[in-house]
Amino acid sequence: SLRNKAMDAVVEESAEQEDTAEEEFNQVEIRSDFSETAMFMPQLRTDAEGRVAISFTMPQSLTTWNLNGLAHTRDMRVGTLGEKIVARKALTAKLHLPRFGREQDVLSFTVLVNNTGTAMQKGKMQVQVMDAQTDKVLMKKTVKFTVAQERDTVYTFIYPVVQGLEGLKFKAVALADKDSDGEQREIPVLSSVVTLTESKALTLESGEGEKVNLADLFPVEAQDRRV
């Protein structure tokens, strides 16, 4: 009927919009390198005019970096250099995670969407939780955001940790009309099983031997027991 055709059109249009949004999120560059040291080059040599050129890749942390340099001549005259480098974006998505998770725990984590620009930012943010070993998506949520100029907004998410995971990978992607940002971090997952150590004491004199029954340390119902 005409009504069913209209409903089918709405469903198809909605699916196309979801695919388009997913493609837009996938095109955003994700920051994942948060090394504390950007560069260390202790053996640079200048040219005949005392100039030196360096090239390196900066980590992806949005912060203020200190650039420190020390130079000396053959007769030990010394010169120093100190500069600050600010890495920033107009729109940022920053994950705030616990240091680790534990099986069967309920994790609470936040994403801060920050607008450092001079105009209001409106858009959508996607958050994913993945298995760190296989990249299997365990949770995916999308929210809309509106952040005034030079302001930020915090979003809180809950994830119940399942058993059998060695680590969790978190990814947050913020997408506005002109600006975008994405961040990915990883935390370990600790086992919910507590390791216990049981022992049996015995004393042997030199040249003596003794038979020890260890059956009580390995009951039939026990699992994962080892010497």
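None of the values given here were measured: they were computed from a predicted structure.
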Go through it in stages, so that I can follow the logic: the residues are Leu190 and Glu103, the test is side chain to side chain contact (heavy atoms under 4.5 Å, CB included), and I'd like the CA-CA distance, side-chain angles, deciding distance and then a yes or no. CA-CA 6 Å; Leu190 305 182; Glu103 291 178 334; over 6 Å; no
Do Asn114 and Thr116 have side chains that approach each other closer than 4.5 Å (heavy atoms only, starting at C-beta)? yes
Do the charged groups of Glu183 and Arg185 touch, with an N to O distance under 4.0 Å? yes
Cut-off 3.5 Å, side chains only: do Gln121 and Asp179 have a donor facing an acceptor? yes
Decide yes or no for Phe170 and Met130: does some side-chain heavy atom of the first lie under 4.5 Å from some side-chain heavy atom of the second? no
Looking at every non-hydrogen atom in both residues, tell me the closest pair between Val137 and Gln128 and how far apart they are. CG2-OE1, 3.4 Å
Look at the side-chain heavy atoms of Ile, Leu, Val, Met, Phe, Trp and Tyr, link any pair under 4.5 Å apart, and say whether Val127 and Phe25 land in one connected group. no
Measuring from Leu97:CG to Phe100:CZ, what's the distance to the nearest 0.5 Å? 13.0 Å
The test is side chain to side chain contact (heavy atoms under 4.5 Å, CB included); show your working for Met41 and Ile54 and say whether it passes. CA-CA 9 Å; Met41 298 180 180; Ile54 60 176; 4.1 Å; yes
Can you find a pair of side-chain heavy atoms, one from Val113 and one from Asp152, that are under 4.5 Å apart? no
Restricting to pairs with a member in residues 82-100, which pass side chain to side chain donor-acceptor pair (under 3.5 Å), not counting sequence neighbours? Asn66-Lys84, Lys89-Asp181
Does a sphere of radius 6.0 Å around CD in Gln133 hold more than 12 heavy atoms from other residues, nucleotides or ligands, not counting ones at 6.0 Å or beyond? yes
What pairs of residues pass the ring pair (Phe, Tyr, Trp, His ring centres under 6.0 Å) test when at least one of them lies in residues 111-157, not counting sequence neighbours? Phe109-Phe157
Would you mind reporting whether Asp47 and Val52 have side-chain heavy atoms less than 4.5 Å apart? no
Between Asp177 and Lys122, does any NZ, NE, NH1 or NH2 come within less than 4.0 Å of an OD or OE carboxylate oxygen? no
Considering non-hydrogen atoms only, spot the tightest contact between Ala172 and Val111 and give its length. CB-CG1, 3.9 Å
NZ/NE/NH1/NH2 to OD/OE distance under 4.0 Å, Lys171 and Glu186: no
Is there a path of hydrophobic side-chain contacts, each under 4.5 Å between heavy atoms of I/L/V/M/F/W/Y residues, joining Val143 to Val129? yes
Exercise: identify the closest heavy-atom pair between Gln184 and Phe34: O-CE1, 3.3 Å
Decide yes or no on side chain to side chain contact (heavy atoms under 4.5 Å, CB included) for Val106 and Ile158, but give the supporting numbers first. CA-CA 7 Å; Val106 178; Ile158 301 296; 3.2 Å; yes
Interatomic spacing from CG in Asn115 to CD in Gln149 - rounded to 0.5 Å: 7.5 Å
Interatomic distance, Leu91 atom CG to Met125 atom CE [nearest 0.5 angstrom]: 10.0 Å
Look up atom CG in Leu165 and atom CG in Asp131, then write down how far apart they are to the nearest 0.5 Å. 5.0 Å
Let me see the working for Gln163 and Gln104 under side chain to side chain contact (heavy atoms under 4.5 Å, CB included), right down to the final yes or no. CA-CA 6 Å; Gln163 287 186 317; Gln104 298 181 333; 3.4 Å; yes
Closest approach of Leu175 and Ser180, non-hydrogen atoms and distance? CD1-CB, 3.7 Å
Interatomic spacing from CE in Met39 to CG in Asn68 - rounded to 0.5 Å: 9.5 Å
Does Asp135 reach the side chain of Lys169, with side-chain heavy atoms less than 4.5 Å apart? yes
Beyond-backbone contact of Thr153 with Leu112, side-chain heavy atoms, under 4.5 angstrom: no
If you look at every heavy atom in Gly101 and Leu107, which pair is closest and at what distance? CA-CD2, 4.1 Å
Identify the heavy atoms of Ala38 and Met58 that sit nearest to each other, and give their distance. CB-SD, 4.0 Å
At what distance, to the nearest 0.5 angstrom, does CG of Leu95 lie from CD1 of Ile187? 10.5 Å
I want to check something: taking the side chain as every heavy atom from C-beta on, are Tyr159 and Leu138 in contact at a cut-off of under 4.5 Å? yes
Thr46 versus Arg51: any side-chain heavy-atom pair under 4.5 Å? no
Membership question, hydrophobic clusters at under 4.5 Å side-chain separation (ILVMFWY): are Leu81 and Ile85 in the same one? no
